[in-house]
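Below is one structure, written out as structure tokens; comments come after it.
Along the sequence shown, residues are numbered consecutively beginning with 1. All values derive from a computational prediction rather than experimental measurement.
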Amino acid sequence: MREPSELTDVEDPAWPLLSEALAASRVSMEVPPVDPVLGRASLHQLQITARSWLGGMVLNCGGVVLDSGWLRIYGSPAGEEPPTGIPGGSTDLPSLAEVNGFPERLDPDWRPRDGGLVVGHDVLGGVFALNGADPKSAGRPGHPGEVVYFAPDSLKWEALEVGHGAWLQWLLTEGTDTFYDTLRWPGWRAESGALTGTQGLSVVPFLWSAEARRDLQSTSRRAVPLAEILGLHRDFALKLDGVDPGFLGDV
């Protein structure tokens, strides 16, 4: 495995461009401070360089809470020690290491579960994951290295046909209005903005139901642990379609 210095001390690191994009974005956001020890440990485990936008995010950024709390993009936030034992990690916004269950110590044989690295969640239980080398074997669409989305209104993975860097740039420049135009209601900002980094919004009737599709504004919504929503989504995907969506992240 490559040593940390080989991953961090690179020409043309992504962080200057990424930090510039964060500063220039007109989308509302919160950026937690980074834990540099956690960032280096996570980069070492992933074996990616700081030249990539994913590497730049993990090494230099505590993550991003985007668009009035609607979307969480994971990095290496400073805070108390997380349950995995890896130094750092926020008690509010989880780290990429926590969400993906990184081992307590560097493990050359560790691989992301079900071949996909979870890089973000939205408050509805939607999951953004980065495809591994063989997404087809994991039952996921798209090509290796592309971001895919587990949609809470269909309970299926969808190919976004972009890599992690292009995905981040799109979120920071265009925001999420177009992507979520059928999944938002009047007053959604107040509801998503009141959540913690490990909570989501439970929507009843469920988003995949005909009732919710017909009148989203009339649904009942309440704050619950995001893990509860993800578990429910996986259970219903199995019951309704007989398809296991696989790992959706630990939060």
Side-chain angles (χ1 to χ4, degrees), residues 1-10 13-15 34-63 72-90 93-121 127-150 157 159-160 163-165 167-168 198 226-227 230-231 234 237-238 243-251:
M1 297 184 76
R2 291 178 289 181
E3 293 301 313
S5 60
E6 297 178 75
L7 305 173
T8 58
D9 302 338
V10 296
W15 179 242
V34 67
D35 180 334
V37 176
L38 174 61
R40 287 176 66 88
S42 297
L43 204 70
H44 198 193
Q45 181 61 66
L46 288 170
Q47 286 293 291
I48 58 175
T49 74
R51 189 177 292 112
S52 68
W53 277 50
L54 177 59
M57 172 70 73
V58 171
L59 182 63
N60 300 285
C61 188
R72 298 89 183 251
I73 303 168
Y74 299 117
S76 304
E80 297 180 4
E81 185 169 309
T84 59
I86 294 179
S90 172
L93 184 66
S95 67
L96 186 80
E98 290 177 85
V99 171
N100 290 279
F102 281 22
E104 293 186 12
R105 294 179 177 81
L106 181 68
D107 183 355
D109 297 322
W110 181 88
R111 296 293 182 274
R113 288 174 58 182
D114 296 324
L117 188 74
V118 175
V119 293
H121 285 111
V127 185
F128 292 93
L130 190 63
N131 271 340
D134 189 6
K136 186 176 181 180
S137 67
R140 295 182 179 177
H143 298 290
E146 289 184 345
V147 178
V148 292
Y149 178 65
F150 181 76
W157 289 100
L160 300 187
H164 184 266
W167 171 69
L168 271 179
T198 57
L226 184 57
L230 297 176
R234 188 172 186 179
L238 281 165
V243 177
D244 187 349
F247 182 62
L248 300 179
D250 289 328
V251 289

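Proximity of H121 to V99: side-chain heavy atoms (C-beta onward) are separated by under 4.5 Å at one or more points. A 4.5 Å side-chain heavy-atom check between P141 and P135 finds every atom pair outside the cut-off. Two residues are said to be in side-chain contact when any heavy atoms from C-beta on lie closer than 4.5 Å; S42 and V58 meet this criterion. Within the 4.5 Å cutoff, the side chain of I73 has heavy atoms near those of the W167 side chain. Side chains of R113 and N100 form no contact here, defined as non-hydrogen atoms less than 4.5 Å apart. In this structure, L7 and I48 have side chains that are not in contact, with every pair of non-hydrogen atoms separated by 4.5 Å or more. Between L226 and T198 the shortest side-chain heavy-atom distance does not fall below 4.5 Å.
Although no hydrogens or angles enter the test, the distance criterion places no donor-acceptor pair under 3.5 Å between the side chain of D114 and the main chain of L248. For the pair R234 (side chain) and P245 (backbone), a donor-acceptor distance under 3.5 Å is absent. Side chain of Q45 to backbone of D107: a donor-acceptor contact under 3.5 angstrom is found. For the pair H143 (side chain) and D134 (backbone), a donor-acceptor distance under 3.5 Å is absent. In terms of modelled atom types and a separation under 3.5 Å, the side chain of E146 and the main chain of L160 share no donor-acceptor contact. Side-chain atoms of D35 do not come within 3.5 Å of backbone N or O of S76 as any donor-acceptor pair.
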